[in-house]
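Counting starts at 1 for both ligands and their atoms, following the listed order. Any value given below was found using the heavy atoms of this structure, including those in side chains, with hydrogens, waters and symmetry copies removed.
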Amino acid sequence: MKVIPIHDATLPLPPDRAAQAPADGAVFDRRGRSMRDLRISVTDRCNFRCIYCMPREVFGDDYAFLPRRELLSFEEILRVARLFVARGVRKIRITGGEPLLRKHLENLIEMLARLDGVEVTLTTNGVLLPKMARRLRDAGLNRVTVSLDALDDALFRRMNDADYPVEKVLEGIAAASDAGLGPIKINMVVKRGTNDGDIEAMAAHFRHSGHILRFIEFMDVGASNGWKMDEVLPSREVVARIDRLHPLEPVSPNYTGEVAQRWRYKDGAGEIGVISSVTQAFCSSCTRIRLSTEGKLYTCLFAQQGHDLRGLLRANADDARLDAAIAQVWQQREDRYSEIRTAETAALRKIEMSYIGG
Ligand code: SAM
Ligand code: SF4
Ligand code: SF4
C-alpha cells in the first residue's frame, strides 16, 4: 500500500523560512539548522486534564508523576541553559505540564532572565496568573502565552476536564496584561468536531483586545490522545472562516523561522496567527530543542527517545563535557517528523506533550 504523507504539499510554503544569521558558537544539525529556541519543562504535573493532552483515562488519580528528586533543580537548569545560550539559543520558553505549579518559579525566571541576550517566555493555562503575573514580571519574564480552547463555558470545562471555567483564564489574561506582560498570545488548539464551532466567537472576542489569538492544529503528540487526521481542521479553513466575517490579509513574519503564520484584520482590529504543524510542516526551519522535566534532551516534539543530561550533571561532569554532549546531540539531529507524518507514524509510541513541554 502506498503511504501518503499527511503534509499538504499543495500549500505554499510559509514565507521565508531560511536560517537566521548564526551566533558565535552556533552549532548546526545535519539539515543545516542552528539551535535558537530552548523549551524547558519544569513539571510534568497539571491542574487541567485537557482531552487532547492529558486524558483522564490515562492521567488518572493513580498516575505516577515524577518524584521531586527526579526533577532538575533550578541550579541544574541554569547551568545547562547557560551552555545553550553560548551555543546560540536566544529564546527560552518555560513550559510543562503546568509550569505555574512549580514552586517558586519566579526564582528560576530571575536566574534565566540574567543570561545575556535571551528572551524568557512562558506558556500556561493561565488560571494561576492572577496570583503570579506581577511576581513573574518583576522577576524578568518577558512575555506569556496563555492557552484557551473555547469561550463557551460548558465546552471549555469539557475540554479541560477539570471543571475550570473560562472566566478563570480570562482573569489570568487580564492579570498578565495589567502586569505588563502583553501583548499576550492566546493558543487555541482546534479539534474538528469538538471546538471548531467556537472559532468565530474566539476571533470576535479577541479582536480589538491587543492580544494575538493563534489557532493550533491538533497534533499527534504522545501516545494517549487518540489522534485522528479527521479531527484536524486545516489552518487554511480556519483562516477562510474568519476571513468571511472579518477580512484578513497576510503579514510577514516577525523573524525568519517563526512558527505561526500571521494574518491581520483589514479593518485594523488586530492580528491572528495559525500554527499548521500538520498540514503545512515547518521542519526545515525548526530551531527548537527541548529539555524535559527530568533533564532529558529532545530534538523533536515527536521524538521517541531523549538524551540524558541529568546523568552527566549528577556525575559531576564539567562544563566542557556537558557542552560537548549538547553539541553532539544537535549535530546528529535529522528530525523532520511533520514532513513525513503518516497514519503509521501517528500511531507510534511518542513522548507525551505534558512531559516534554509543548
Ligand atoms: N500547561 C500549559 C498550557 O497548556 O499552556 C503549558 C504546556 S502545554 C503542553 C503547551 C501547549 O501545547 C498548549 O498551548 C497546549 O494547548 C498545546 N498542546 C497540547 N497538546 C496538544 C496537541 N495534541 N496538539 C496541539 N497542541 C497541543
Ligand atoms: Fe495541562 Fe497544558 Fe496539557 Fe492542558 S495542554 S493538560 S493545561 S499541560
Ligand atoms: Fe521541529 Fe520536529 Fe516539529 Fe518538525 S516535527 S517542526 S523537527 S519539532
Side-chain angles (χ1 to χ4, degrees), residues 6-7 14 17 29-31 33 35-37 39-56 58-59 93-102 121-129 144-150 156 159-162 164 169 172-173 184-191 194-195 214-228 231-233 257 259-260 275-278 280-290 293 298-304 333-341 345-346 350-358:
I6 289 163
H7 168 63
R17 294 279 191 200
D29 71 7
R30 291 192 175 164
R31 298 183 181 277
R33 300 166 293 192
M35 185 162 67
R36 295 190 71 87
D37 311 271
R39 298 187 170 210
I40 303 175
S41 173
V42 291
T43 178
D44 58 339
R45 291 164 198 259
C46 191
N47 41 359
F48 281 21
R49 285 294 178 273
C50 300
I51 52 172
Y52 54 76
C53 178
M54 295 180 82
R56 206 170 269 286
V58 179
F59 295 88
R93 178 168 297 278
I94 306 296
T95 177
E98 175 44 48
L100 298 187
L101 291 181
R102 178 81 186 248
T121 64
L122 170 95
T123 304
T124 171
N125 61 33
V127 297
L128 292 171
L129 279 173
V144 71
T145 297
V146 179
S147 305
L148 176 63
D149 296 324
F156 182 61
M159 288 191 78
N160 68 57
D161 202 13
Y164 278 97
V169 182
I173 293 169
I184 293 156
K185 288 181 180 154
I186 319 285
N187 278 358
M188 173 180 182
V189 174
V190 180
K191 215 178 155 199
T194 301
N195 64 338
R214 305 179 330 156
F215 300 90
I216 306 180
E217 289 178 349
F218 173 41
M219 293 186 283
D220 53 322
V221 271
S224 55
N225 69 7
W227 184 88
K228 290 199 267 328
E231 291 175 332
V232 178
L233 184 75
V259 167
I275 302 180
S276 327
S277 5
V278 179
Q280 211 175 338
F282 35 77
C283 300
S284 62
S285 62
C286 178
T287 54
R288 289 179 292 285
I289 187 154
R290 293 174 160 87
T293 315
Y298 289 87
T299 55
C300 179
L301 186 52
F302 301 91
Q304 288 177 273
R333 176 185 195 241
E334 287 197 276
D335 306 284
R336 57 183 196 106
Y337 177 84
S338 289
E339 288 177 357
I340 54 171
R341 173 187 283 110
T345 63
K350 298 178 240 73
I351 211 77
E352 294 296 337
M353 183 83 136
S354 53
Y355 164 84
I356 194 176

- Look at the rings of F48 and F156 and say which category their plane angle falls in: under 30° parallel, 30 to 60° tilted, over 60° perpendicular. perpendicular
- Closest non-hydrogen protein atom to atom 6 (S) of ligand 2, residue and atom name please, with distance? C50 N, 3.4 Å
- Does D149, backbone or side chain, put an N or O under 3.5 Å from an N or O of ligand 1? no
- Message: Nearest non-hydrogen contact with atom 5 (O) of ligand 1 belongs to which option: S147, P99, C53?
- Response: S147
- Part of R288 with heavy atoms under 4.0 Å of ligand 3, whether side chain, backbone, both or neither: side chain
- Item | Proximal atoms of ligand 1 relative to E98 (non-hydrogen, under 4.0 Å) | 1 (N), 2 (C)
- Nearest heavy atom to atom 3 (Fe) of ligand 3 wins, so pick from F302, Y337, Y298. F302
- Message: Distance check below 2.8 Å: does C286 bring an N, O or S atom to atom 4 (Fe) of ligand 3?
- Response: no
- Query: Backbone, side chain, both or neither: what part of V189 comes under 4.0 angstrom of ligand 1, heavy atoms only?
  - Reply: side chain
- Item | Heavy-atom nearest neighbour in the protein, as seen from atom 1 (Fe) of ligand 2, with distance rounded to 0.1 Å | C46 SG, 2.3 Å
- Message: Check this for me - ligand 1, T123, N or O atoms closer than 3.5 angstrom, yes or no?
- Response: no
- Hey, which atoms in ligand 1 end up nearer than 4.0 Å to a heavy atom of T95? 6 (C), 7 (C)
- atom 8 (S) of ligand 2: which of A162, G97, P99, G126 has the nearest heavy atom? G97
- In terms of atom number and element, which parts of ligand 2 are under 4.0 angstrom from non-hydrogen atoms of N125? 7 (S)
- Task: Determine yes or no for a side-chain-to-main-chain donor-acceptor pair under 3.5 angstrom, with R49 supplying the side chain and F59 the backbone.
- Result: yes
- Please determine if T124 has a nitrogen or oxygen closer than 3.5 Å to a nitrogen or oxygen of ligand 1. yes
- Message: Please check whether G97 reaches ligand 1 - meaning an N/O of the residue sits under 3.5 Å from an N/O of the ligand, judged on distance alone.
- Response: yes
- Item | Numbering as shown, the atoms of ligand 1 that approach F218 to under 4.0 Å (heavy-atom distance) | 23 (N), 24 (N)
